[in-house]
Amino acid sequence: MKKLLTGTAVLAALMLTGLSARASCSDPRAGAQQLTPSITHQGPMSSHFDRNAGENIVGTWHVVYTAFGAPFAAAFIQWNSDGNEWENISQPTLGGNICMGSWKAVDKTHVFRNHFGWLFTNGIVSGYFNETETDEVARDGNSYSGLNETTIFDMSGNILQKIPGTSAATKIGP
């Protein structure tokens with residue numbers, strides 16, 4: 001109990017000092033950062049013209065995100081056929097760079113993703129975020145692009161900020 005109270009007091013002090021929090025998976029408030037090099041698939045990708053977005057999205061993707069009109073991160077996302085997804089993003093490991101969520105097909109060309117991650121201030125959990133994203137999957141199943149909104153919450157669940165953004169992805173694996 002004593003550790004819980006101490007941790008809560010430290011967290012409260014950090015939040016009251018106005019220190020900026022960094023998202024564990026992607027914090028679009030961080031501004032433009034150098035992205036990882038563009039990754040292109042080496043070899044033939046099978047085309048999936050007869051499949052729908054829910055089938056075509058399954059696989060591994062290289063994604064570039066923008067917020068406030070500027071690129072801020074790149075990621076590898078694994079979309080699984082069971083409706084779950086996970087992401088490893090080009091953010092500092094100390095802040096946490098792995099996030100997870102779920103997705104569902106909306107129609108023949110669109111999928112919707114609901115994604116969560118922790119926020120950290122100096123390595124201490126200080127909040128969380130929820131990113132919702134609707135993506136249009138290309139007919140050949142080798143790319144997608146979409147619009148997202150990231151909502152930043154404090155540890156009490158109060159909304160601190162909403163950030164609109166975009167995503168552009170290329171499939172790099174089955």
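Note that the numbering runs from 1 along the sequence shown for the chain.
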Tell me every residue that passes side-chain hydrogen bond (donor to acceptor under 3.5 Å, both in side chains) with Glu136, counting only those two or more places apart in sequence or in another chain.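 Partners of Glu136 by the side-chain hydrogen bond (donor to acceptor under 3.5 Å, both in side chains) criterion come out as none, since no residue qualifies.
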Could you pull out all residues at least two apart from Asn130 that satisfy side-chain hydrogen bond (donor to acceptor under 3.5 Å, both in side chains)?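 With neighbours one apart ignored, the set is Asn114.
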What's the shortest heavy-atom distance between [X] and [Y], and which atoms?
X	Y	result
Asp154	Tyr128	O-CE2, 3.6 Å
Ala74	His62	CB-NE2, 3.9 Å
Trp103	Ile57	CH2-CG2, 3.5 Å
Asn56	Ala138	ND2-O, 4.0 Å

Measuring from atom [atom1] of [X] to atom [atom2] of [Y], what distance do you get when rounded to the nearest 0.5 angstrom?
X	Y	atom1	atom2	result
Asp140	Lys171	CG	NZ	9.5 Å
Asp107	His110	CG	NE2	5.5 Å
Met100	His115	CE	NE2	9.0 Å
Leu119	Ile124	CG	CD1	13.5 Å
Phe76	Asn97	CZ	CG	11.5 Å
Gln78	Trp61	CD	CH2	11.0 Å

Can you list the residues that meet the side chain to side chain contact (heavy atoms under 4.5 Å, CB included) rule with [X], with sequence neighbours excluded?
X	answer
Ala105	none
Thr151	Glu149, Phe153, Ile159, Lys162
Ser167	Val63, Tyr65, Glu133, Asp135, Tyr144, Asn148

Is Phe68 reachable from Ile152 through a run of hydrophobic residues whose side-chain heavy atoms are each under 4.5 Å from the next?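 Yes, it is one cluster - the side chains of Ile152 and Phe68 are joined through contacts under 4.5 Å.
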In one Ile/Leu/Val/Met/Phe/Trp/Tyr side-chain cluster, 4.5 Å: Phe129, Leu160: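 The answer is yes; both residues are in one hydrophobic cluster.
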I want to check something: taking the side chain as every heavy atom from C-beta on, are Arg113 and Glu87 in contact at a cut-off of under 4.5 Å? yes
Apart from Phe112 itself, members of its ILVMFWY cluster (side-chain separation under 4.5 Å) are Val106
Donor-acceptor contact below 3.5 Å, side chain Thr170 vs main chain Ser143: no
Using only atom types and a distance under 3.5 Å, with no angle test, would you say the side chain of Asn80 pairs donor to acceptor with the backbone of Asp82? no
Apply side chain to side chain contact (heavy atoms under 4.5 Å, CB included) to Arg139 and Thr109, showing your working. CA-CA 7 Å; Arg139 191 170 160 229; Thr109 59; over 6 Å; no
Could you go step by step and tell me if Val111 and Trp79 meet the side chain to side chain contact (heavy atoms under 4.5 Å, CB included) rule? CA-CA 11 Å; Val111 293; Trp79 297 73; 4.0 Å; yes
